[in-house]
Number of protein chains: 2
Amino acid sequence: MANHSDLDILGRTELFHGMPSAMLVEIQAAGFRKKLASGEILFQQGDSASSLFVVIAGRLRATQTTLDGQQIIIRYLAPGETAGHTTLTRGVVHPSTVTAVDDSHLIGWSSDTIRKIMEQHSAVAMNALAVLAARYHEIQIRLLELSTEKVEQRIGHTVLRLANQAGRRTARGVEIAFPLSRQDLAEMAGTTLHTVSRILSRWEDLGIVDCGRRQVVLCKPHALMAISDEQA
Amino acid sequence: MANHSDLDILGRTELFHGMPSAMLVEIQAAGFRKKLASGEILFQQGDSASSLFVVIAGRLRATQTTLDGQQIIIRYLAPGETAGHTTLTRGVVHPSTVTAVDDSHLIGWSSDTIRKIMEQHSAVAMNALAVLAARYHEIQIRLLELSTEKVEQRIGHTVLRLANQAGRRTARGVEIAFPLSRQDLAEMAGTTLHTVSRILSRWEDLGIVDCGRRQVVLCKPHALMAISDEQA
DNA sequence: CGGACTTTTGAAGTAATTCAAGGGGAGTGG
DNA sequence: CCACTCCCCTTGAATTACTTCAAAAGTCCG
């Protein structure tokens, strides 16, 4: 039965949505399952890119590290999303490390397999193009933010994005549905944990957010949007 | 004869390399030519993405602008490269503006046409995936640089990248083969023209570069690499 | 209850921006 | 051909937003 529900989910992923179920069966049969406990690594920056994965359940984080050990968070991956698209290009290595931040369940395909699937089913290839284009667009926006905005606005946009992607409505407001430290936010917004802490404290005084240890709840999204879109 | 040489070039673009020439003829016939004088705009941020282009000759620049008019340069496009890949996703708008910085010659395909080509020829779709993956990787590196490096290193990496992409060997060193103002460099490195000017002056004193009005010649690449990779 | 993380907050320091003013090249038009 | 104008570039000085340094206070877990 696990198989059956996997199929349902597979049909709703960004990569395979819209595919007839016969094909999904075939696709699933060609892949392999992978389970990761929170904290385990799916693949590492510099590993040769040999498999492409789709997240079935859980949550993962893609990071990039400099030679001297500084890290940035590229993005968080939710169920339905794709990890390791570098695999689609021959002979390259993963540019980022992907780590589970929650117990996670994925399905993977070897480079050859996924390429064969795409060659036979152009709809999958077209989906992949759309996925990559969306990611590209996303990161382009972050580049723009990082280049033109002040820290407070950047942190604001980061929180708003996370609330959108991984928000859970609660009595207090929209809660970001996974543990998120000040350091994590800093690595996404391109700043330090100190600055994040200070700014979050200020917002807390204004009643805009409500945060705890590795937790952020967004109480007044509109107020935060106002701050984030404010022109210098 | 122009047709013939276009074909040659088309077969060496990132999108169509490796395709048999019969197919190239077909692909070219399905597209349309577009000429732009220096300064003319190919498409603008926010325009609906209706065509995809390949640069045959010339040079273009992709930029993104904020609501309050601040601009960043996403990248420069050389012959063989692809513009407007957003067109591959249905119902979206161009995230950036593309402008010719030199008289340029392109071939374009409507959204429907290029999708049809990709559906029929999976090799083109796979090329497109490789192109997008490469762009993504590229921009990811810039995000890392922007987040972790100091201005001098960022400018250094920017100049090194440009020298690589568009360098022309001359007696003085490697000359960046298109007009590049301090403002342009600033918009690529995420800083101000003042800072770029100061740092370029310093490098000039050290004999690392030699620059003029809208011109940069890299004389000592290794020295610049040393500066750029220096750890804080 | 000890110990390891995570967070907070002040104070000092600094890299880079902003402000301000002037200089120089390239092209235009008289 | 010279003068004028428009850009582009340079360089000091003042300002500031943010980081770095430092220390202490919470908070969770075994």
Side-chain angles (χ1 to χ4, degrees), chain A residues 37-39 61 66 68-73 101 145-159 176 178-206 209-217 227-228 230-232, chain B residues 38-39 66 68-73 101 145-159 176 178-206 209-217 227-228 230-232:
Chain A
S38 176
R61 168 164 75 188
T66 60
D68 56 319
Q70 284 182 84
Q71 194 181 70
I72 68 163
I73 296 177
V101 294
E145 288 178 5
L146 210 49
S147 301
T148 63
E149 295 179 353
K150 300 230 176 285
V151 190
E152 183 168 19
Q153 300 176 290
R154 296 207 305 266
I155 300 173
H157 282 130
T158 305
V159 169
I176 292 169
F178 56 87
L180 181 76
S181 69
R182 306 292 180 271
Q183 175 73 37
D184 293 335
L185 265 175
E187 287 176 12
M188 276 193 275
T191 179
T192 62
L193 78 156
H194 306 278
T195 301
V196 171
S197 174
R198 275 182 246 272
I199 286 178
L200 246 42
S201 296
R202 195 154 71 217
W203 290 349
E204 206 152 15
D205 289 346
L206 296 170
V209 296
D210 186 1
C211 23
R213 193 188 167 87
R214 308 233 265 156
Q215 199 199 41
V216 178
V217 180
I227 288 173
S228 307
E230 200 159 76
Q231 281 166 36
Chain B
S38 177
T66 61
D68 55 320
Q70 284 181 85
Q71 194 182 72
I72 67 164
I73 296 177
V101 293
E145 287 179 5
L146 210 48
S147 301
T148 64
E149 295 178 353
K150 300 229 177 285
V151 191
E152 184 169 18
Q153 300 176 291
R154 296 206 305 267
I155 299 173
H157 282 130
T158 305
V159 169
I176 292 169
F178 55 88
L180 181 76
S181 69
R182 308 291 181 270
Q183 175 71 36
D184 293 335
L185 266 174
E187 286 177 13
M188 278 194 273
T191 178
T192 62
L193 77 155
H194 307 278
T195 301
V196 171
S197 175
R198 274 181 247 273
I199 286 178
L200 245 44
S201 297
R202 195 154 72 217
W203 290 348
E204 206 152 14
D205 289 345
L206 297 169
V209 296
D210 185 2
C211 23
R213 192 188 170 86
R214 311 231 265 156
Q215 198 200 44
V216 179
V217 179
I227 287 173
S228 306
E230 200 159 76
Q231 280 166 38

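Below, chain A is the first sequence line, B the second, and so on; all start at residue 1.
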Reading DNA chain D from 5' onward, which residue's closest nucleotide shows up sooner: Arg198(B) or Leu180(B)?
Leu180(B)
Ile73(B) to Asp184(B) - nearest heavy-atom pair and separation
CD1-O, 3.5 Å
Does dA16(C) have OP1 or OP2 sitting under 4.0 Å from an N or O in the side chain of Thr191(B)?
no
Contacts of Thr192(B) that satisfy side-chain hydrogen bond (donor to acceptor under 3.5 Å, both in side chains) - sequence neighbours left out
Thr195(B)
Between C1' on dC19(C) and NE2 on His194(B), what's the gap in Å once rounded to a whole number?
8 Å
Closest approach to the side chain of Lys150(B), judged atom by atom: which nucleotide of dA16(C), dA20(C), dT7(C) is it?
dA16(C)
Quick one: which protein N/O atoms are closer than 3.5 Å to N/O atoms of nucleotides 3-6 of chain C? Pair and distance per line, please.
{"unit_1": "dC5(C)", "atom_1": "O2", "unit_2": "Arg213(A)", "atom_2": "NH1", "d": "3.4"}
{"unit_1": "dC5(C)", "atom_1": "O2", "unit_2": "Arg213(A)", "atom_2": "NH2", "d": "3.2"}

Closest heavy-atom pair and its distance - Gly212(B), Arg182(B):
O-NH2, 3.2 Å
In terms of heavy-atom contacts, Leu193(B) and Ala186(B) come closest through N-CB, 3.6 Å
Sorted by chain and number, sequence neighbours left out, side-chain hydrogen bond (donor to acceptor under 3.5 Å, both in side chains) with Glu152(A) holds for Arg202(A), Trp203(A)
Counterpart residues, side chain to side chain contact (heavy atoms under 4.5 Å, CB included), relative to Arg213(A) (two or more places apart)
none
Which whole-number value in Å describes the distance from Leu146(B) CG to dA16(C) C1'?
14 Å
When every non-hydrogen atom of Arg154(A) is compared with those of Glu149(A), the smallest separation belongs to NH1-O, 3.1 Å
Check this one for me: any side-chain N or O of Ser201(A) less than 4.0 Å away from OP1 or OP2 of dT7(C)?
no
Using modelled atom types and a 3.5 Å cut-off, is there a donor and acceptor pairing between side-chain atoms of Glu204(B) and backbone atoms of Cys211(B)?
yes
Leu180(A) vs Met188(A) side-chain heavy atoms within contact, under 4.5 Å
yes
Please round to 10 degrees the angle between the axis of the first five pairs and the axis of the last five pairs in the helix from dC1(C)-dG30(D) to dG22(C)-dC9(D).
40°
Under 4.0 Å from any heavy atom of chain B: name the first and the last nucleotide of DNA chain D that qualifies, 5' to 3'.
dC7(D) to dA13(D)
For Lys150(A), is there any backbone N or O sitting under 3.5 Å from a side-chain donor or acceptor partner on Gln153(A)?
yes
Give the minimum heavy-atom separation between Thr148(A) and Thr66(B), together with the two atoms involved.
OG1-CG2, 3.6 Å
